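The block underneath contains the structure these notes are about, expressed in structure tokens.
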Amino acid sequence: MAAGIRAGFMNGIYIFFCPVLSVQMSILNAWLNNAFGIGVIRLDAEHFMQSEILFSAKEKDSLDWDEINRLAEDNRNFKCFLNDLMEDIKVGKAKSRYDRVYEDEETAGRELREKGIIE
């Protein structure tokens with residue numbers, strides 16, 4: 001699928017909001033980190049500066065392309081993300097739409113309330 005992408009392009013961060021961390025979610029987070037070097041942050045939606053880093057991102061020497069292809073087949077959103085990522089790498093800049101980065105807690109809180117993520 002994306003043999004031209006070097007491993008260094010694939011390290012990233014996964015941020016999630018989950019008031020109660022289940023065993024299943026803990027296993028998934030550990031798997032993402034071990035398999036792909038994905039960093040995992042548990043979002044504190046009320047005070048995002050107090051969010052918790054569960055796993056730090058790390059660059060992998062190689063990627064499990066069979067697993068990446070399986071994920072892309074199972075998850076349409078992931079497949080779209082990979083296609084956007086490959087396009088951005090080809091053109092040398094981020095032209096695709098990714099999650100917004102908030103500069104301050106007040107702005108983040110306002111937008112999270114507007115989206116109904118927090119009260």
Side-chain angles (χ1 to χ4, degrees):
M1 173 189 272
I5 298 176
R6 295 181 314 173
F9 284 110
M10 290 300 293
N11 57 345
I13 302 290
Y14 167 62
I15 302 173
F16 71 97
F17 171 70
C18 182
V20 178
L21 187 59
S22 68
V23 172
Q24 183 179 9
M25 187 64 131
S26 295
I27 291 169
L28 173 64
N29 291 335
W31 174 77
L32 286 170
N33 185 260
N34 288 330
F36 304 110
I38 301 295
V40 180
I41 298 174
R42 183 174 180 191
L43 176 67
D44 181 329
E46 296 290 333
H47 307 284
F48 75 88
M49 296 303 286
Q50 297 175 21
S51 297
E52 179 183 9
I53 298 172
L54 301 178
F55 297 97
S56 295
K58 56 189 172 191
E59 190 167 322
K60 301 289 282 185
D61 292 331
S62 63
L63 296 174
D64 184 345
W65 287 107
D66 290 334
E67 190 64 25
I68 291 171
N69 287 330
R70 185 190 67 76
L71 288 170
E73 288 173 13
D74 290 349
N75 186 318
R76 183 181 49 132
N77 291 333
F78 184 68
K79 185 174 186 170
C80 290
F81 168 75
L82 285 179
N83 289 334
D84 288 347
L85 181 64
M86 291 183 328
E87 180 67 24
D88 290 352
I89 290 169
K90 283 181 190 174
V91 299
K93 65 179 181 175
K95 69 176 198 63
S96 300
R97 193 178 133 236
Y98 299 104
D99 292 338
R100 184 161 178 229
V101 176
Y102 300 105
E103 296 296 326
D104 62 84
E105 196 163 338
E106 182 180 325
T107 303
R110 182 176 59 251
E111 293 202 16
L112 291 172
R113 279 189 289 284
E114 288 172 5
K115 293 179 180 180
I117 296 172
I118 61 173
E119 295 180 3

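This is a predicted model, so every value here is computed, not measured. Sequential numbering from 1 along the given sequence is applied to the chain's residues.
The neighbour count for I53 CD1, taken as heavy atoms of other residues, nucleotides or ligands under 6.0 Å away, does not exceed 12. The local environment of CD in E114 is crowded, with over 12 non-hydrogen atoms from other residues, nucleotides or ligands closer than 6.0 Å.
At a cut-off of 3.5 Å, with distance as the only test, no side-chain donor of N29 or S26 sits close to an acceptor on the other residue.
Atom CG of D104 and atom OG1 of T107 lie 3.5 Å apart (nearest 0.5 Å). To the nearest 0.5 Å, atoms NZ (K90) and CG (D88) are separated by 11.0 Å.
The backbone N or O of L71 lies less than 3.5 Å from no partner atom in the side chain of N75, so there is not a single donor-acceptor pair.
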Listed pairs under 3.5 Å, donor-acceptor, residues 31-40 side chains, sequence neighbours left out:
from, atom 1, to, atom 2, distance (Å)
N33, OD1, K58, NZ, 3.2
N33, ND2, I38, O, 3.0
N33, ND2, S56, O, 3.0
N34, ND2, A30, O, 3.2

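Residues V23 make up the rest of the hydrophobic cluster containing I27, defined by ILVMFWY side-chain heavy atoms closer than 4.5 Å, directly or through other members.
Residues S51 and R42 come closest through the heavy atom pair CB-O, 3.3 Å.
Side-chain atoms of I41 and L54, non-hydrogen and from C-beta on, never get closer than 4.5 Å to each other.
Taking a cutoff of 4.0 Å between a charged side-chain nitrogen and a carboxylate oxygen, D74 and R70 qualify as a salt bridge.
With E87 as the partner, the side chain to side chain contact (heavy atoms under 4.5 Å, CB included) test is satisfied by one option alone out of D84, V91, N83: V91.
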